[in-house]
Q: 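First the structure, then my questions, so here it is.
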Amino acid sequence: MTGDTHYDLEILAELAEGLLDVGTARQVREHLAVCTPCGALLADLAAVREVLAATPTPAMPMGVALRIDNALAAEATRGGVGLAEAPDWDELMRDAPWETAAEAPVRLGVVSDDGTIVPARRRASRRRRWAMPAVASAAAAAVVVGTAVLSSGVLTASGGNGGGLQVAQPSTPTATRNEVKSRGYALTDSNHNYSDQDLRREMVGFMGNAEALGGGETPTGVSKCVNQVSARTKLKAFAVDQGQYNGQEALIVASWKNQPKNKLRLDVVDPFNCKNLRKPTVGRW
Amino acid sequence: MNSPPETPSGAEQSDAELLAAHINGDPHAFSEIVKRHRDRMWAVALRTLGDPDEAADAVQDAFVSAYRKAASFRGEAAVTTWLHRIVVNACLDRMRRKSVRPVADDELIEAAERDTPMPDQTLEREVSMEVSAALKLLPADQRAALVLVDMMGYSVEDAAQVLEVPSGTVKSRCARGRAKLAPILSHLRNRSDLGRVSSAKGAELRDG
């Protein structure tokens, strides 16, 4: 069987899977030993496996995860089980812009902490990947990194009972909502465009080296979002970077989940409406 | 298969324990299962269906269905196998009901940008899109087998359990699927360092 006859890909693929009977397999192998074209086909087959294995499998997009959470919550209600209302991000993200893109009202400014409307500052007109109101593209993205609350009253204030939306105040006793000087976290403006891969790297490389902004000028949107993130996470943000996430302006908020083990919680939020742009993730400093 | 480190700290309950807790009325147990496995389920559905919108519908249907019929889980298989089975069946149902419409190239690009943001890795994205397009040319059963075995890295035995067919059937579906993909995908090998690996493998096979 080493003459002119070649084998087709299917036979060769079956050989590779051990599906041929012993006799046929031996014949094919003998042919392969002397036939370069068939050997090349076999290599092509092996390449298929390698290419398939090397193709990255993306994580579930945020919008899909939210949809599923909502569907399951509806299912729970129908079944009378009732999901407990934990103030987790899924719950808070229910009205995320990509879930309700069509109906999202056009906002003309940012509501500051004291309730006044601050016109959103225009920075650069980047095309938004998510269907967001155009005005929203104004502000810079901030990345907030938080620290575990070690000594402040945040945990005692927001843990335990309640569970609703409680705004974690900065741990500094004198700080009020508008006293940005004592914001309690390092604020940087790297304008780095974070990818999912970046978030798995050591964040100090991104947020530790960027020039820290002075204490006097926390943009209103940033402090509002950091407060909201802290309220969600019950953690204290310790580093916040204004940058982008996949080309969209974002705040990266880092909080310590477990400082001795170098485990961070990373929240990536829209600097305008403080909504998560992706699933919060565990990172390293 | 390498799910991101998003499992919460503290004592880890097994999937089976969580499922039991869910059946007994624990309102948080099922969402924990979802959190653990959604990325993998998403990958399976996206690769099997090749369309993000279809994949989202399939995964949602699958999780809701799993939520409802958790009590019927027998425990002779792993919870993950059971979940995979539900997801794969949801995908196959969808493919059977309506042959998934062909997706235009620009839609694929958009979806790839949305789902796999890789700003500086256009090569990787191109490969990913070519693979998606090629997989769509296969019959559903071959596609499902290849997604599980070659893309997700499951053993033939695990895939056989998910698909509820004998191992030999999985192997032969994989073999036929690879034979169809080989002419389409073989050029991709030269774009990375995959060529070396695969020809080594090929030589090994050839020399028996």
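Reminder, nothing fancy here: chain letters follow the sequence lines and each chain counts from 1. Computed from a prediction, not measured in an experiment: that's the story for all the values here. Note that these values count all heavy atoms, side chains included, but never hydrogens, waters or copies made by symmetry.
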Q: Can you see which heavy atom on B/F63 is nearest to which on A/L72, and at what distance?
A: O-CD2, 3.8 Å
Q: Could you tell me which non-hydrogen atom of B/L46 sits nearest to which non-hydrogen atom of A/P58, and how far apart they are?
A: CD2-CG, 3.5 Å
Q: CG/A/L19 to SG/B/C174 distance, rounded to the nearest 0.5 angstrom?
A: 9.5 Å
Q: Is A/E17 salt-bridged to B/R178, cutoff N-O under 4.0 Å?
A: yes
Q: State, to 0.1 Å, how close A/V48 and B/A182 come at their nearest heavy-atom pair, and which atoms those are.
A: CG2-CA, 3.3 Å
Q: Taking all atoms of both residues into account, what is the closest heavy-atom pair of B/A175 and A/A13, and its distance?
A: O-CB, 3.2 Å
Q: Is any side-chain N of the basic residue among B/D57 and A/R67 closer than 4.0 Å to the acidic one's carboxylate O?
A: yes
Q: Would you name the heavy atoms of B/Y67 and A/E75 that are closest together and state the gap between them?
A: CD2-CG, 3.5 Å
Q: Under a 4.5 Å cutoff for heavy-atom pairs, which residue among B/V147, B/D61, B/V131 has the most contacts with chain A?
A: B/V131
Q: With sequence neighbours excluded, what pairs up with A/D198 under the side chain to side chain contact (heavy atoms under 4.5 Å, CB included) test?
A: A/H192, A/Y194, A/S195, A/R201, A/F206
Q: What is the minimum heavy-atom distance between A/A71 and B/Q60, and which atoms define it?
A: CB-NE2, 3.4 Å
Q: Would you mind checking which part of B/V59 comes under 4.5 Å of any heavy atom in chain A, side chain (CB onward), backbone (N, CA, C, O), both or neither?
A: both
Q: So if I apply the side chain to side chain contact (heavy atoms under 4.5 Å, CB included) rule between B/D150 and each of A/T55, A/L52, A/V51, which one comes out positive?
A: A/L52
Q: Going by side chain to side chain contact (heavy atoms under 4.5 Å, CB included), name the residues that satisfy it together with A/E202, two or more places apart in sequence or in a different chain.
A: A/V204, A/R284
Q: Between B/V64 and chain A, with a heavy-atom cut-off of 4.5 Å, which part of the residue counts as in contact: side chain, backbone, both or neither?
A: both
Q: With heavy-atom distances below 4.5 Å as the criterion, would you say the side chains of A/E50 and B/L185 are in contact?
A: no
Q: Looking at A/K279 and B/D39, is there a salt bridge between them, counting it only when a charged N and a carboxylate O are closer than 4.0 Å?
A: yes
Q: If I take atom CE from residue A/M60 and atom CZ from residue B/R40, how far apart are they, to the nearest 0.5 angstrom?
A: 12.5 Å
